[in-house]
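Worksheet: the structure to be examined is printed underneath.
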Amino acid sequence: MSEQTPVSPPEGDGTDADEQAAETTPAEADDGSTTRDTVSTGAESVVAALEQAGAETLFGVQGGAIMPVYDALYDSEELTHITMAHEQGASHAADAYGIVSGKPGVCLATSGPGATNLVTGLADASMDSDPVIALTGQVSTEMVGNDAFQETDTVGVTQPVTKHSYFAGDSDTVGTEVGEAFALADEGRQGPTLVDLPKDVTQGETDAFPGEPETPDTYNPPTEADAEAVDAAAAALAEAERPVVLAGGGVIKAEASDELRQFATDYEIPVITTMPGIGSFPEDHELSLEWAGMHGTGYANMAITNTDCMLAIGTRFDDRLTGDVETFAPDAELIHVDIDPAEISKNIEADYPLVGDAKQVLRQLDDAMPVAYEALDTSPDEYAEWREQCQAWKDEYAMTYDTPDDEPLKPQYVVERFSELADDDAIVTTGVGQHQMWASQFWTFTEPRTWVSSHGLGTMGYGVPSAIGAKIAAPDQEVVCFDGDGSFLMTVQELSVAVREDLDITYVVLNNEAVGMVRQWQDGFYEGRRMASEYPWIPQFDMLAEAFGARGFRLEDPEEVDEIIEKARNYDGPAVIDAIIDPAENVYPMVPSGGDNGLFALNGDQLDDI
């Protein structure tokens, strides 16, 4: 993440913390009761800080150095702890919890290997700007630097992949640091933070009760964009003939989906999303062109290639979206809205930079547009021909797939049928690979916070634990995880957690007995040399599910798709569908890496010609 905030841990002899403790009123719960109002150790202060911050669920794995914090959790009436099978699973579950709930997910691990096992999840959250706070145990301060048992420089390891990593050095201030880390993860451009907790600090005595979580005084993320810049951007949109809105994940994180829908429909501008922005605009809306990029829709990529004015909101223009930056939206004036000024013109030069919160800036633009239309004597009617062209591309490049009678089960059909059978607000999580692309292409998303996946880091294994975090965050919503056989094997141990916690999740393994995306690239770009991408043997995932205590279903016949999906959905608990799909099926459309978005392949033969 580009937003690195230099935050120094509080210093002093505890006097300030003592004064704060005397002034702080314990938080009142919804039922009128109060949380703990006194603490006696640093560990209790850590727990009190989480309670003050409004945390509810923690995901973690016990261990020696973090044990004092777990001991303090024993008496907490506000916090629920979910013991995960592996620390990486804890970080992914916390990440998904943050995506679905909108507030930071919390994960815990002990020192050394426990802390390093969190790093993949923290890097994932950093790339996708997901709110996570990690609490890690550490050896006692006098042992730091001595290569003690299970000692690792956790702050040094994690600083590059967090907004900030704290080393807690004092029992009197540790609670304040945890509260600050929680607030920092949530404010501005969201992202992960970490507090490293030496055992002597959490065991040490203190009566310093932490206050409400606050970000440092030096941290002041922008809210509204410059008014003159907004007026200029509105004029550019009003003067355009072929405008598009490109909605990124920042729209969802800013809770700006309603504002986006209002803006797009008021001014009748077609909407494209990035992959992290899926759900920010309903895909069944006539203005939706769905998502763009390497495996995005052909019509979205054609619109990007031909637009003359792009309003991009909350996107960092990563390479899987843009392809060759020289050919990305080549004729467009670019209006870029982002809360992080470091993202403006980082990858794509912005003609109209609007630094601010997506919700607030969209409201500013909405107010400015009527004035701009009147000044230029234009209206949304000017875009009518462009909207017709976008619809023509939707018809020409419709998302279809072959379903001949003599071929095996198609993964696209499994996703499509599940989408039609599932609840309207069902949450979809995925691992990473071909299955992730099929899930994002053939599920119809209409609401924000219903698509949970690993985008920037592309973490295989994300699916199983992320479904757990999503279900904990939204217990009343249906949760389905589409995974690949390779991705599923990386974190299958977390299925034991779903069973233990009796979570009603449906896992669908789109099983082609290969690391499918790697194999697809080997066939397309490495002359078919399939090195280490195919499995000579893999488990039967339906039987493996039964061994874990879940329900297992094997799906091979296309005529049984609806029946087995409904059986799995109706089972009250975790179910795994081992869907044996056509091993020859690949993901299209496809823009070759670094290619021109307007030159996409719809099949393997076209890929050879690009």
Side-chain angles (χ1 to χ4, degrees), residues 224-248 250-252 254 256-274 277 279-292 296-315 329-337 350-354 356 358-397 446 448:
E224 292 190 349
D226 177 77
E228 290 186 6
V230 170
D231 291 341
L237 279 170
E239 195 171 18
E241 295 179 352
R242 305 185 304 279
V244 295
V245 175
L246 178 66
V251 172
I252 297 172
S257 296
D258 288 344
E259 284 75 10
L260 169 63
R261 298 180 195 196
Q262 185 70 45
F263 185 87
T265 53
D266 279 352
Y267 307 114
E268 301 180 75
I269 301 176
V271 178
I272 301 164
T273 73
T274 67
S280 61
F281 191 80
E283 293 182 339
D284 57 358
H285 195 285
E286 62 181 359
L287 290 171
S288 172
L289 298 176
E290 299 172 56
W291 64 275
T297 66
Y299 34 93
N301 284 324
M302 288 299 290
I304 281 178
T305 303
N306 290 277
T307 182
D308 64 355
C309 186
M310 174 183 289
L311 169 59
I313 312 167
T315 176
D331 301 323
E333 289 193 292
L334 176 63
I335 305 163
H336 191 180
V337 180
D351 299 291
Y352 303 92
L354 302 180
K359 180 189 283 285
Q360 299 302 323
V361 177
L362 272 170
R363 290 174 174 175
Q364 288 178 276
L365 281 169
D366 199 27
D367 291 340
M369 289 300 293
V371 178
Y373 284 127
E374 184 176 359
L376 294 165
D377 194 23
T378 59
S379 76
D381 293 339
E382 308 289 333
Y383 314 146
E385 185 175 343
W386 171 242
R387 290 191 295 270
E388 290 174 5
Q389 176 60 74
C390 290
Q391 183 58 53
W393 284 324
K394 289 177 75 171
D395 295 337
E396 182 176 0
Y397 301 114
T446 60

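As a basis for the values below, the full set of heavy atoms in this structure was taken, side chains included, without hydrogen atoms, waters or symmetry mates.
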For [X] and [Y], work out which heavy atoms get closest and say how close.
X: Pro243; Y: Asp308; result: N-OD1, 3.7 Å
X: Ile252; Y: Ser280; result: CG1-CB, 3.8 Å
X: Arg242; Y: Asp331; result: NH2-CB, 4.4 Å
X: Ala358; Y: Val337; result: CA-CG1, 4.3 Å
X: Leu287; Y: Ala264; result: CD1-O, 3.5 Å
X: Ile272; Y: Ala303; result: CD1-CB, 3.9 Å

Taking only residues two or more places apart in sequence, or in another chain, which ones meet Arg363 in a side-chain hydrogen bond (donor to acceptor under 3.5 Å, both in side chains)?
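Expected list: Glu259.
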Mind checking side-chain hydrogen bond (donor to acceptor under 3.5 Å, both in side chains) for Glu283 and listing every partner two or more places apart, or none if nothing turns up?
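Expected list: none.
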Rounded distance (nearest 0.5 Å) linking atom [atom1] of [X] with atom [atom2] of [Y]:
X: Leu311; Y: Tyr267; atom1: CG; atom2: OH; value: 12.0 Å
X: Lys394; Y: Glu286; atom1: NZ; atom2: CD; value: 8.0 Å
X: Thr297; Y: Met302; atom1: OG1; atom2: CE; value: 11.0 Å
X: Ser379; Y: Met369; atom1: OG; atom2: CE; value: 10.5 Å
X: Leu289; Y: Thr273; atom1: CG; atom2: OG1; value: 9.5 Å
X: Arg387; Y: Glu382; atom1: CZ; atom2: CD; value: 10.0 Å

Got a sec: does the CD of Glu239 have more than 12 other heavy atoms crowding it under 6.0 Å?
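12 or below, so no.
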Worked verdict on Phe281 versus Arg261 for side-chain contact (heavy atoms from CB on, under 4.5 Å):
CA-CA 6 Å; Phe281 191 80; Arg261 298 180 195 196; 3.9 Å; yes
Close side-chain approach of [X] and [Y], heavy atoms under 4.5 Å:
X: Asp351; Y: Ile335; value: no
X: Tyr383; Y: Ile269; value: yes
X: Val245; Y: Pro270; value: no

Which residues satisfy the side chain to side chain contact (heavy atoms under 4.5 Å, CB included) test with [X], sequence neighbours excluded?
X: Ala238; result: Ala372, Tyr373, Leu376, Thr378
X: Asp284; result: Pro282, Thr444, Thr446
X: Ala329; result: Ile304, Thr307, Met310, Ala332

So, the side chain of His285 versus the backbone of Thr265: is there a donor-acceptor pair under 3.5 Å, distance only?
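No, His285 side chain to Thr265 backbone: no donor-acceptor pair under 3.5 Å.
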Leu246/Ile313 under side-chain contact (heavy atoms from CB on, under 4.5 Å): CA gap, chis, key distance, verdict
CA-CA 6 Å; Leu246 178 66; Ile313 312 167; over 6 Å; no
Check against side-chain contact (heavy atoms from CB on, under 4.5 Å), Ser288 and Val271:
CA-CA 5 Å; Ser288 172; Val271 178; 5.7 Å; no
Do [X] and [Y] get their side chains close enough for a donor-acceptor pair, meaning under 3.5 Å?
X: Gln391; Y: Asp395; answer: yes
X: Asn301; Y: Tyr397; answer: no
X: Tyr352; Y: Glu333; answer: yes
X: Tyr299; Y: Glu396; answer: no

For Asp366 and Asp266, run side-chain contact (heavy atoms from CB on, under 4.5 Å): C-alpha distance rounded to whole Å, both residues' side-chain angles, the deciding distance at 0.1 Å, then the answer.
CA-CA 9 Å; Asp366 199 27; Asp266 279 352; 3.7 Å; yes
Give the table of side-chain donor-acceptor pairs shorter than 3.5 Å for residues 224-233, with sequence neighbours excluded, one pair per line with atom names and distance.
from, atom 1, to, atom 2, distance (Å)
Asp226, OD2, Glu228, N, 3.2
Asp226, OD2, Ala229, N, 3.0

